[in-house]
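A quick write-up on the structure given underneath.
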Amino acid sequence: MAIKIQTEKPVIPIEIGELNFEFPVDDEAIKKFRDQIPKLKEELEKLAPENNEEDQELVKEALSKGYDVILGEGSFDKIYKVTPSLVYCMHYYSQLAEGLEDELKERGFSGSTQEKAQKYLQQNKKQPVKKKK
């Protein structure tokens, strides 16, 4: 008798307007996402896209890096072509990063080693032993 297990395509489909992308759910992509996205988020928070032309270029670069990590090379250009506003692209990016993190957690990829340790401790918590008198 054979054991048959159906495999799944390890991706998370992502739609931004009419554009379709996929985030690969593999160890390398998840590690890259979790390592780089917080740094990029911090970088973007320091920049204001409406200030001046130089800041706008820095915002474009940061967004491009972020979108490339999540959706693949050239994805920012496709999105910016449809929505030529850095403010909107930053909003999309924020929604994308948060939604992806939620989806990964829902699929069982917890966020950090600390979360895993806490979950493990809660599952294996022993009841206090009553002392005999």
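- Residue pairs meeting the side-chain hydrogen bond (donor to acceptor under 3.5 Å, both in side chains) criterion with at least one member in residues 6-24, sequence neighbours excluded, are Lys9-Glu22.
- Alongside Ile5, the hydrophobic cluster contains Ile3 (criterion: ILVMFWY side chains under 4.5 Å).
- Distance CD1/Ile30 to CD1/Ile12: 7.0 Å, rounded to 0.5 Å.
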Verdict with supporting geometry, Val82 and Ile16, side-chain contact (heavy atoms from CB on, under 4.5 Å): CA-CA 10 Å; Val82 173; Ile16 298 176; over 6 Å; no

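- Applying the side-chain hydrogen bond (donor to acceptor under 3.5 Å, both in side chains) test to Glu103 and every residue at least two apart in sequence or in another chain returns Arg107.
- The side chain to side chain contact (heavy atoms under 4.5 Å, CB included) search around Lys78 returns Leu19, Phe21, not counting sequence neighbours.
- For Thr83, the side-chain hydrogen bond (donor to acceptor under 3.5 Å, both in side chains) criterion is met by Tyr92, not counting sequence neighbours.
- Every side chain to side chain contact (heavy atoms under 4.5 Å, CB included) that Pro24 has, sequence neighbours left out, goes to Asp26, Ala29.
- In the hydrophobic clustering of ILVMFWY residues, with side-chain heavy atoms under 4.5 Å counting as a link, Leu71 and Val11 come out apart.
- Pairs of residues two or more places apart, or lying in two chains, that qualify as ring-ring contact (aromatic ring centres under 6.0 Å, His included) and include a residue from residues 54-76 are Tyr67-Phe76, Tyr67-Tyr93, Phe76-Tyr80.
- Residues Leu63 and Ile79 are not in side-chain contact: their nearest non-hydrogen atoms beyond the backbone lie 4.5 Å or more apart.
- Residues satisfying the salt bridge (charged side-chain N to carboxylate O under 4.0 Å, His left out) criterion with Lys31, sequence neighbours excluded, are Asp35.
- Of the inter-residue distances, the one linking Leu86 atom CG with Leu58 atom CG reads 11.0 Å to the nearest 0.5 angstrom.
- Residues Ile70 and Phe23 approach most closely at O-CD1, 3.2 Å, considering heavy atoms.
- For the pair Lys39/Glu43, no side-chain contact is recorded, criterion being any heavy-atom separation below 4.5 Å from C-beta on.
- In this view, Lys32 and Gln36, Val69 satisfy the side chain to side chain contact (heavy atoms under 4.5 Å, CB included) rule, not counting sequence neighbours.
- Side-chain contact between Ile37 and Leu100: absent, with no pair of heavy atoms (C-beta onward) separated by less than 4.5 Å.
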